[in-house]
K.L.:
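Dropping the structure in here first, questions after.
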Amino acid sequence: MATQSIKVDSKEFEVKQYDFPTQQIPRLNYQDPKAEKLIENGQPVILTGSDLVGSAYHWDLGYLCSNLGSGKYTVYSSPDGKFKYYDEKKLPQNKSFKPPTSNSEMSFQDFASKLRKRDSKEFIYLQQSLNDTVGKRIVMDFTNFNWGWANETQKRNRWGPLTSNLLLVGMEGVITPAHYDEQENLFAQIQGYKRFLLFDPNQFDCLYPYPIYHPHDRQSQVDFDAPDLKRFPNFANAKAHEAIVGPKDVLYLPMYWWHQVESLHGHGETISITFWYKAAPTVKVVYPLNDGQKIAIMRNIEKMIAEALNDNDSMPQFMKTMVLGRYT
Ligand SMILES: O=C(O)C(=O)[C@H]1CC[C@@H](C(=O)O)C1
Ligand SMILES: [Zn+2]
């Protein structure tokens, strides 16, 4: 895999090189009106100076070991460093599906000692919603997040409720492959550096998500390291937005924007916290529809057809019959 070096604030980063062109995601102070405008328009932006998780800037492995308590945390394991999400609820209807990662529950202390034993061939990634089993100092840090700004941003953009804060602690080199989410996300970086590759929702036809009933629903079928352009020809036209997200940065990751996240080598394990919000309600439909709305419509239609057919195996033929030669 070819790599290229990127320079950000006098720091050098070795990143994987892909064939698609990239443009930089803007980096603005969180109080800059241009930043607020980008968020309002559902455009990604890296926000500096918010101290959204300022009370957690001192979180490192040692501090978390001493203060996360003895609760169990979900730790994913992958042989190749890729952590493609899959929905366990869809396993029963996909008997032949082989999960690409395994996961187990362990104490943070056990996770940290596994991390320190660099010899392990496997890649591991702790991904756990912050819950009430954490120690009181973590609760205090969490309480002292910059909720004033977060709540104001939520209100100003008419987002729905905050649904979860996911604590992410990853080894250097772990990758979350390209997918989209159906929630707004303020992604706060505490330690280490992550390279984000984002794709506008209008790139849906370049990224070929799995069928809606597949455990990898919302994930791209394209292997960025070896794209199959016979099956996925339009991937050749993909255009990415790119950003290196470092400590104290907050990336606004708009709903429906595709993203691939790479924890970069040479800067230690990465610690991040996500703030996921439900979407703003659609008060009045305004035409032309935006790309996110079209994705929502496609998802609803796919769900309706799958439900009506009640036989996922017959879905591909049904869709071909409906579209090929008629809408192609
Ligand atoms: O925040 C999101 O939307 C995600 O996909 C997260 C899941 C793993 C995280 C990572 O940094 O690798 C990104
Ligand atoms: Zn995501």
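Remember, it's 1-based here, ligands and their atoms both numbered in the order they're listed. Residue numbers run from 1 in the order of the sequence given. Being a predicted model, the structure only gives us computed values, none of them experimental. No hydrogens, no waters, no symmetry mates; every other heavy atom, side chains included, goes into these values.
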K.L.:
Is there a side chain to side chain contact (heavy atoms under 4.5 Å, CB included) between Met315 and Ile305? Walk through the geometry before answering.
P.N.:
CA-CA 8 Å; Met315 188 108 167; Ile305 294 175; 3.8 Å; yes
K.L.:
Is it the case that one hydrophobic cluster holds both Tyr210 and Ile301, taking links as side-chain heavy atoms less than 4.5 Å apart, direct or via other members?
P.N.:
no
K.L.:
Are side-chain heavy atoms of Phe83 and Val174 found at a separation under 4.5 Å?
P.N.:
yes
K.L.:
Same cluster or not: are Phe204 and Leu289 linked, directly or through other Ile, Leu, Val, Met, Phe, Trp or Tyr residues, by side-chain heavy atoms under 4.5 angstrom apart?
P.N.:
no
K.L.:
Measure the spacing between OG of Ser263 and CD of Glu269 and express it to the nearest 0.5 Å.
P.N.:
10.0 Å
K.L.:
Looking at CG of Asp110 and CG of Leu126, how far apart are the two atoms once the value is rounded to the nearest 0.5 Å?
P.N.:
11.5 Å
K.L.:
Can you tell me which residue pairs pass the side-chain hydrogen bond (donor to acceptor under 3.5 Å, both in side chains) test with a partner in residues 40-50, sequence neighbours excluded?
P.N.:
Lys37-Glu40
K.L.:
Distances for all N or O pairs of ligand 1 and the protein under 3.5 Å?
P.N.:
residue: ligand 1; atom: 1 (O); partner: Asn185; partner atom: ND2; Å: 2.9
residue: ligand 1; atom: 3 (O); partner: Asp181; partner atom: OD2; Å: 2.8
residue: ligand 1; atom: 3 (O); partner: Asn185; partner atom: ND2; Å: 3.4
residue: ligand 1; atom: 3 (O); partner: His259; partner atom: NE2; Å: 3.0
residue: ligand 1; atom: 5 (O); partner: His179; partner atom: NE2; Å: 2.9
residue: ligand 1; atom: 5 (O); partner: His259; partner atom: NE2; Å: 3.3
residue: ligand 1; atom: 11 (O); partner: Tyr125; partner atom: OH; Å: 3.2
residue: ligand 1; atom: 11 (O); partner: Lys194; partner atom: NZ; Å: 2.7
residue: ligand 1; atom: 12 (O); partner: Tyr125; partner atom: OH; Å: 2.7
residue: ligand 1; atom: 12 (O); partner: Thr176; partner atom: OG1; Å: 2.5

K.L.:
State yes or no: are the ring centers of Tyr76 and Phe123 separated by less than 6.0 Å?
P.N.:
no
K.L.:
Identify each donor-acceptor pair in which a side-chain atom of residues 153-160 lies under 3.5 Å from a protein atom, sequence neighbours left out, and give them as a table.
P.N.:
residue: Thr153; atom: OG1; partner: Trp149; partner atom: O; Å: 2.9
residue: Thr153; atom: OG1; partner: Trp149; partner atom: NE1; Å: 3.2
residue: Gln154; atom: NE2; partner: Gly160; partner atom: O; Å: 2.9
residue: Arg156; atom: NH1; partner: Glu152; partner atom: OE2; Å: 2.9
residue: Asn157; atom: ND2; partner: Thr153; partner atom: O; Å: 2.8
residue: Arg158; atom: NH1; partner: Pro281; partner atom: O; Å: 3.4

K.L.:
With the Zn ion (ligand 2) as the centre, enumerate protein N/O/S atoms below 2.8 Å in chain and residue order.
P.N.:
His179 NE2, Asp181 OD2, His259 NE2
